[in-house]
Amino acid sequence: MPSLVPAAGGAFPASPLRSLPVVDVAFLLPHLAVALLIHPFLLHVFIIIIIIIFFFFHPLLIPSLLLVSRHCGRMANLSGKKSLNTVTLVFKLPYYTQWGQSLLIAGSEPALGSWNVKQGLSLSPVHQGNELIWSGRVSVVTGFTCQYNYYVVDDNKNVLRSESGEKRKLVLPEGVQDGDVVEIRDWWQDASEALFLRSAFKNVIFNGSENAKRELKTTPLNKSLEPEDIVVQFIVSCPRLGAGSTESPWRGAGVAVPIFSIRSNEDLGVGEFLDLKLLVDWAVNSGFHLVQLLPINDTSVHGMWWDSYPYSSLSVFALHPLYLRVQALSDAIPGDIKDEISQAKKQLDKKDVDYEASLASKLSIARKIFKLEKDKVLNSSSFKQFLSENEEWLKPYAAFCFLRDFFETSDHSQWGRFSQFSKEKLDKLVSEGTLHHDVICFHYYIQYHLYMQLSEAAAYARKKKVILKGDLPIGVDRNSVDTWVYPTLFRMNTATGAPPDYFDKNGQNWGFPTYNWEEMSKDNYGWWRARLTQMAKYFTAYRIDHILGFFRIWELPDHAATGLVGKFRPSIALSQEELLSEGLWDFDRMSRPYILQETLEEKFGSFWTVIAANFLNEYKKQHYEFKEDCNTEKKIIAKLKNSSEKSLWLEKEDSIQRGLFDLLQNIVLIRDPEDSTKFYPRFNQEDTSSFNDLDEHSKNILRRLYYDYYFARQENLWRQNALKTLPVLLNSSDMLACGEDLGLIPACVHPVMQELGLIGLRIQRMPSEPNLEFGIPSQYSYMTVCAPSCHDCSTLRAWWEEDGGRRSRFYQTVIGSDDEPPSHCTPEVANFIVKQHFDAPSMWAIFPLQDLLALKDKYTTRPAKEETINDPTNPKHYWRFRLHVTLDSLLDDKDIQATIKELVTSSGRSFPGKVDGAEESGEKLAKVQLNATH
């Protein structure tokens, strides 16, 4: 199937035929058929053209070419018995494989394995010119039809990669007879070609379009075949193209805002699922096809505001009770409870979200309503269906919440006999007749109503042709339902984070356990597949948080508090033999904290003796090592807080902690805790005195090994790792997938994302191009989402005010003015930057709502810093930003909606209600066929 979107870089590779729109080729084919029938001698020329097209220009034009040939001599039926009429199918596909890989076809019929890949039709490779052609043949009866796909497999026929998009369908032309040879020439269906068959387009943007119905019909042969005849049948794929339309890449726009940040006339101090209906209305009026949210799963681990962090899930399946609208729990809420709701509205109507108060108020009110109508709800058919469809995760979740509250901790290692999960224990915990069964049912009840309310909002969005885009967090809290139920899927002695990057020069430590990918692969990543299936109930698109983690994850020991001293997993370590061969032998010197007395004096001044006495041992003259009770970052934190000597450093605890961390991190190599003969270069090793005090020879070797470890030797390993895991995610739902690919990006990432049809992210202040301070939106590739900011950095207004020098450079190099830039981000400046992103070639331009409100003075009265959602440098950041204006009032502001919609329409991006060729045709897969005989 040809790619209908440009390749990375924004354009198709240059070629004579590729300048033709696909629809023009489709239009020419019927005329060509007539010409061939009127002038049969043209067929010889035509076949030559076909060969040229096949070998040089096929990716754009023809996804499938079918040739039927008839041979003069047929073998007689010597037995005299009536035999089945058979046809020989010959499949051919150009595809380059790596060593140890091969191709096969699996299909719906027994001849192709009945979808059992291991019994599929194996193909053999032959070099033809510059291409490697895989081919195979099989005999079938005339009238044969089937569905099929191509697969890349290893020597044991394990699937390494499969085609994307819909299954291929083979329907032989009528008139094919016994003994005919049918040759099918296909092209691999890349994931990017199937994007417009995803639910975001198929069921939302293009839903209801008359041309969205797809049908593949064969054209019967209009004359009898002679022995020398050849039938040529084309199947041309034209997603999104209707009659008369021209080929131009589809582009859309969206708005991003966390649920908790929404303010409405109905909420109780925090945004709620039903508020999404208002947001969808505003999005439609502003010309947006998409609303993007942060994660919405329950995060109630600590029972305090720390749980405001939306990426630390208590359960990857349960929805957060924080987003419940209690007024919608019943149509018969008593007057006293209504009064309580009204009072809560007033008390919680604050500038920022009061996480603890809002959640406590909602749960308190919900319990009262639950007591009144639990029998009615729990006995309803819709509730019973919900419980039946979700019990695999819902029952463990409810049991976990009960045990968490009973033991007053989410740390399931503290739950005695319930520390180890088992099905038998679960059944007893949730069984009817127990004293706590109402508690269990209350958690069912809350999740049921959350499901109903979010489903209502999601259906409303689909009806309005607005995509709801969710967020798939990279990790789960180590004290979560998932680590309790599936402990073998996690490496609980480790933590997940990110190496130093734009967000934090010291790296990030998110605290999540890393994944045991080997264990997850045993059931083909069933836990991940279940997560995506659950998300797809509400969303038609999703963001893969920290997609780099599916290539490799930054793994830290669980005793680390920061993100600096980690290693990539998986990765090829520096072996002891390798280091010895390079002349590096003093492993203790390079892997232990390098602490000299002069360093202590320089870092702590006269206070160094107090530090040395309390935290260090002098193991040789003027050389120190940490004491056992403070030789990790978490131990240092604990000792600073709990030591009997803490009065000595009470007023300077933070600076002392930072200094002690610096000492602990003053190493060159990290020794593998599971294999003492393996080492990893410490990130930014040249920033350490441990490195700088080495001899020049050692430093040069370490520089080379550092570059090799981080930028060379891992690339193939990381590519293979991603190609094992990401296709499973992508194939487990029909949602459109986007990957957050910010940070330290390995060279293999973007090619793999392109290969899998994953849309990347481009933030102007974090350019992926080297030697650029600011990204250039006009040069972004099509397969991207572009945005001026995101939730993990300051807003457009705050960024503008943070750094005067940077502001001046941006004003000069991007805006193109030598004038003094305004100190504040005026609506004119905001308009320029926002317009840059609307006009970009990116498939999607998605804007934080705060950046859009900067287009109007009226909404810029709040200090810009207060609009920041997250500070990645602070692991205990309070996620509480709340809009200072209600969605109800924003809907009444026709001016700003008109301003934004004008930016959408002038950029050529699609918007709800737009009628053009691409929109009308929807996700139609037009099939244009030609039968030509001679």
Main-chain N/O of [Y] paired with [X] side-chain donor or acceptor, under 3.5 Å:
| X | Y | answer |
| --- | --- | --- |
| E867 | D851 | no |
| R462 | N207 | no |
| E356 | W305 | yes |
| S380 | V377 | yes |
| R882 | D352 | no |
| W393 | S315 | no |
| E740 | L761 | no |

Nearest 0.5 angstrom please: [X] [atom1] to [Y] [atom2], how far?
| X | Y | atom1 | atom2 | answer |
| --- | --- | --- | --- | --- |
| L294 | H791 | CG | NE2 | 5.5 Å |
| I337 | S364 | CD1 | OG | 9.5 Å |
| W282 | D892 | CH2 | CG | 13.5 Å |
| W844 | I467 | CH2 | CD1 | 3.5 Å |
| L359 | L268 | CG | CG | 11.5 Å |
| F288 | S910 | CZ | OG | 12.5 Å |

Checklist line | D482/L489 under side chain to side chain contact (heavy atoms under 4.5 Å, CB included): CA gap, chis, key distance, verdict | finding: CA-CA 9 Å; D482 301 279; L489 301 185; over 6 Å; no

In the structure I gave you, are the side-chain heavy atoms of [X] and [Y] within less than 4.5 Å of one another anywhere?
| X | Y | answer |
| --- | --- | --- |
| M843 | L195 | yes |
| T868 | Q850 | no |
| E866 | K351 | yes |
| K537 | N390 | yes |
| L314 | D307 | no |
| T299 | Y309 | no |
| I296 | L454 | yes |
| H437 | S431 | no |

For [X], give me all partners under side chain to side chain contact (heavy atoms under 4.5 Å, CB included), at least two apart in sequence or on another chain.
| X | value |
| --- | --- |
| E902 | T905, S906 |
| M452 | Y448 |
| K856 | K858, Y859, D893, D895, I896 |
| D792 | F503, C790, N870, P872, W879 |

Hey, what's the ring geometry for [X] with [Y], parallel, tilted or perpendicular (30° and 60° as the breaks)?
| X | Y | value |
| --- | --- | --- |
| W415 | H412 | perpendicular |
| F512 | W510 | tilted |
| W250 | F201 | perpendicular |
| F847 | F838 | tilted |

Next item on the list: Quick one: do H449 and S330 satisfy side chain to side chain contact (heavy atoms under 4.5 Å, CB included)? Show the steps, please.
Entry: CA-CA 10 Å; H449 278 288; S330 172; over 6 Å; no

Using atom types as modelled, flag every donor-acceptor pair under 3.5 Å from a side chain in residues 397-405 to any protein atom, sequence neighbours excluded.
| from | atom 1 | to | atom 2 | distance (Å) |
| --- | --- | --- | --- | --- |
| Y397 | OH | D298 | OD2 | 2.6 |
| Y397 | OH | Q447 | NE2 | 3.4 |
| R404 | NH1 | S300 | O | 2.9 |

My understanding is that only residues two or more places apart in sequence, or in another chain, count here; which of them pass salt bridge (charged side-chain N to carboxylate O under 4.0 Å, His left out) with [X]?
| X | value |
| --- | --- |
| E272 | R325, K362 |
| E391 | K395 |
| K368 | E340 |
| D888 | none |

Check: Can you check ring pair (Phe, Tyr, Trp, His ring centres under 6.0 Å) on Y311 and H546, steps first, answer last?
Finding: CA-CA 11 Å; Y311 288 89; H546 193 62; over 10 Å; no

Next item on the list: Kindly state each residue pair satisfying salt bridge (charged side-chain N to carboxylate O under 4.0 Å, His left out) with at least one member in residues 466-478, sequence neighbours excluded.
Entry: D471-R543

Margin query: Taking K345 first and then D349, would you say they form a salt bridge - that is, a charged N and a carboxylate O separated by under 4.0 Å?
Written below: no

Check: Checking side chain to side chain contact (heavy atoms under 4.5 Å, CB included) for the pair L324/L329: CA distance, chi angles, key distance, verdict?
Finding: CA-CA 9 Å; L324 181 72; L329 290 178; 3.9 Å; yes

Note to self: By the ring pair (Phe, Tyr, Trp, His ring centres under 6.0 Å) test, which pairs, at least two apart or in different chains, include something from residues 340-363?
What the structure shows: H320-Y355

Item checked: Pair Y515 + F490: ring centers closer than 6.0 Å -> yes

Next item on the list: Take K423 and D427, measure what salt bridge (charged side-chain N to carboxylate O under 4.0 Å, His left out) needs, and give me the verdict at the end.
Entry: CA-CA 6 Å; K423 184 66 166 58; D427 289 342; 3.0 Å; yes

May I ask you to check whether over 12 heavy atoms, not counting those of [X], lie within 6.0 Å of atom [atom1]?
| X | atom1 | value |
| --- | --- | --- |
| K894 | NZ | yes |
| W527 | CH2 | yes |
| K463 | NZ | no |

Next item on the list: For N297 and V476, run side chain to side chain contact (heavy atoms under 4.5 Å, CB included): C-alpha distance rounded to whole Å, both residues' side-chain angles, the deciding distance at 0.1 Å, then the answer.
Entry: CA-CA 10 Å; N297 295 111; V476 301; over 6 Å; no

Next item on the list: Step by step, work out the salt bridge (charged side-chain N to carboxylate O under 4.0 Å, His left out) result for R367 and D438.
Entry: CA-CA 10 Å; R367 284 191 180 93; D438 267 7; over 6 Å; no

Item checked: Those residues that, when tested against Q414, pass side-chain hydrogen bond (donor to acceptor under 3.5 Å, both in side chains) (two or more places apart) -> none

